[in-house]
There are 2 protein chains.
Amino acid sequence: MSSQSIRSFASRQYPCEKCPLRPLPAFREFDKQELSFISTFKRGELAVDKGATVLVEGSHSAHLYTVLSGWAFRYKLLPDGRRQILNYSMPGDLIGLQGSLMGEMQHSVEALSPMLLCVFEREQLHELYRNYPGLAYDITWIASREERMLDENLLSIGRRTALERAAYLIAFIASRARGVGLNGKTPVQIPITQQHIADTLGLSLVHTNKTIRKLMDRKLVMWRDGGCEVGDYDGLKKLARWEGLGEERRPLI
Amino acid sequence: MSSQSIRSFASRQYPCEKCPLRPLPAFREFDKQELSFISTFKRGELAVDKGATVLVEGSHSAHLYTVLSGWAFRYKLLPDGRRQILNYSMPGDLIGLQGSLMGEMQHSVEALSPMLLCVFEREQLHELYRNYPGLAYDITWIASREERMLDENLLSIGRRTALERAAYLIAFIASRARGVGLNGKTPVQIPITQQHIADTLGLSLVHTNKTIRKLMDRKLVMWRDGGCEVGDYDGLKKLARWEGLGEERRPLI
DNA sequence: CGGGTACTTGAGGACTATCAATTGTCGTGG
DNA sequence: CCACGACAATTGATAGTCCTCAAGTACCCG
């Protein structure tokens with residue numbers, strides 16, 4: 001268990017009205033009422049360091065977060081320490097919804113990079129459902145989107161070969177990252193280690209390394225500066241037999 | 001693709017007021033208003049045969065179902081035919097929510113036994129959100145529960161050994177089935193073939209057979225009448241290192 | 001009886017895991 | 001500036017798991 005610091009800021013660097021994410025084409029327009037409610041809903045911002053554990057399996061968190069910046073991953077552990085990464089979170093994604101609804105967290109979340117999170121009170125979720133049916137619908141939509149991603153991951157781990165899996169995963173993450181403008185300069189830099197990939201794909205670290213090496217030999221991906229970059233997005237999709245995620249504009253809570 | 005008949009009944013054998021599921025201890029109480037709205041929401045009943053395809057990936061279904069009786073499974077296919085079973089549906093479960101929210105179905109659903117389904121109109125979902133925040137919350141809760149099950153399955157396929165996976169899956173299904181009173185007589189009879197188990201666990205049919213055989217040798221499960229029965233539930237849980245799903249009472253839409 | 005489906009079993013080979021070591025990078029302390 | 005430890009990536013060897021191929025059995029149904 002890591003003990004990296006979690007600092008919270010009393011002040012808001014990003015009031016909702018000036019949310020840096022909302023203008024992105026990936027997100028749908030919100031009307032004034034909705035925006036002002038979200039602004040009330042937001043309790044503050046939380047900055048966490050790389051490696052910090054944001055949420056812990058088994059705990060009862062009173063909060064719910066939206067990623068403002070940075071990357072994280074969601075995972076579960078077996079009693080003997082085997083780890084399975086379930087999905088990744090990046091800007092615009094909701095963290096901790098499952099815990100808010102079901103009471104106890106059933107998975108943990110760890111930051112892959114420094115992150116800035118918007119903090120919401122779990123308690124106010126009821127008010128949201130009572131007074132903002134549109135937002136309530138959005139939250140269900142977001143849960144459903146997560147489910148869809150899990151379905152894809154399950155298909156991948158269960159039925160794709162190691163090489164296809166790796167290709168799928170990298171294409172999938174890169175595709176999501178591009179959707180939220182994480183490709184400022186060159187291709188997106190995905191800040192993960194091969195151990196993360198191994199724990200996502202259900203492979204050993206050694207075999208993951210050899211598999212990624214094959215992708216690199218084919219010039220489909222590059223591994224630089226402790227992270228990975230896509231070399232040939234379409235090549236990855238084709239190898240993985242993956243259609244891509246037909247992402248329409250989505251809500252941002 | 002199967003072409004078994006799907007018959008619809010104009011009449012209702014089970015008006016919501018006499019729903020055979022609602023009295024079960026697995027489900028939470030609903031108030032009168034909620035019940036009467038659900039009764040309006042319900043459009044009719046649909047009877048499908050074993051083997052029938054209830055929903056098809058890629059289609060735009062106008063409906064959403066709740067299982068009244070029978071079993072089904074949700075799956076995805078790779079272009080070359082490899083199949084991954086994502087989860088199973090049994091009485092009380094919602095089918096097709098993802099499709100209703102996201103437009104296009106991203107997975108297919110096939111009946112494992114004859115089924116009776118309550119049919120709802122996707123269109124009315126908005127009215128539900130507008131006027132019944134409690135039910136809206138319930139629907140999100142249900143989506144979240146599905147996500148939790150997928151998380152567990154992902155952990156299983158990714159990090160458990162073949163033997164543990166099989167033990168987990170059978171314990172998991174049996175546990176859910178018991179929750180909805182499917183153990184009328186003796187232990188629950190799970191109406192699946194070894195091919196289904198193989199496609200759920202990400203294993204080949206042959207290896208699945210050998211794995212199940214080991215479970216049978218240990219008297220943890222029995223295979224009879226083309227279905228499987230639990231021989232030693234706690235033994236399965238222990239072998240799989242699985243805690244069980246702490247199921248509180250849940251909503252029934 | 002023939003044909004279909006589901007379950008079994010054995011054998012050989014492909015794919016992955018484990019073990020053990022090496023390399024390279026980076027930040028810290030001498 | 002270099003030694004040092006920590007971490008990530010890499011590689012080779014060996015063993016084990018799992019897949020594919022190929023048959024064979026059992027049962028049900030027309």
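Keep in mind that this is a model prediction, so the values were computed, not measured. Values reported hereafter were calculated over all heavy atoms of this structure, with side chains retained and with hydrogens, waters and symmetry mates removed.
- In the displayed structure, B:Tyr14 atom OH is contacted under 6.0 Å by at most 12 heavy atoms of other residues, nucleotides or ligands.
- Ion pairing between a basic and an acidic side chain is recognised when a charged N comes within 4.0 Å of a carboxylate O; B:Asp93 and B:Arg145 show such pairing.
- Taking atom NE2 on B:His207 and atom C1' on D:dT17, their separation rounds to 6 Å, with Å as the unit.
- Looking at A:Arg159 and B:Asp80, no side-chain N of the basic residue comes within less than 4.0 Å of a carboxylate O on the acidic one, giving no salt bridge.
- The aromatic rings of B:Tyr168 and B:Phe172 lie parallel to each other, with less than 30° between the two planes, well short of the 60° mark.
- B:His196 places its NE2 atom 8 Å from the P atom of C:dA6, with the value rounded to the nearest Å.
- The CZ-P distance, from A:Arg224 to D:dT10, rounds to 13 Å in whole Å.
- Atom P of nucleotide D:dT17 and atom CG of A:Leu203 are separated by 17 Å, given to the nearest angstrom.
- A:Arg160 has its CZ atom 17 Å from the P atom of D:dC19, to the nearest Å.
- Atom CZ of A:Arg159 and atom C1' of D:dT20 are 13 Å apart (whole Å).
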Sort me out a list of protein N/O and nucleotides 7-13 of chain C N/O pairs below 3.5 Å, or just none if empty.
unit_1: C:dC7; atom_1: OP1; unit_2: B:Trp223; atom_2: NE1; d: 2.8
unit_1: C:dC7; atom_1: OP2; unit_2: B:Gln194; atom_2: N; d: 2.9
unit_1: C:dT8; atom_1: OP1; unit_2: B:Arg213; atom_2: NH2; d: 3.0
unit_1: C:dT8; atom_1: OP2; unit_2: B:Gln194; atom_2: NE2; d: 2.8
unit_1: C:dT8; atom_1: OP2; unit_2: B:Asn209; atom_2: ND2; d: 2.6
unit_1: C:dT9; atom_1: OP2; unit_2: B:Arg213; atom_2: NE; d: 3.1
unit_1: C:dG10; atom_1: N7; unit_2: B:Lys210; atom_2: NZ; d: 3.4

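- Between the side chains of A:Gln106 and B:Asp151, no donor N or O sits under 3.5 Å from an acceptor N or O.
- Distance, A:Leu163 CG to C:dA14 P: 17 Å, rounded to whole Å.
- Distance CD1 (B:Ile197) to C1' (C:dA6): 13 Å, rounded to an integer number of Å.
- The backbone N or O of A:Glu57 sits less than 3.5 Å from a side-chain atom of A:Ser108, completing a donor-acceptor pair.
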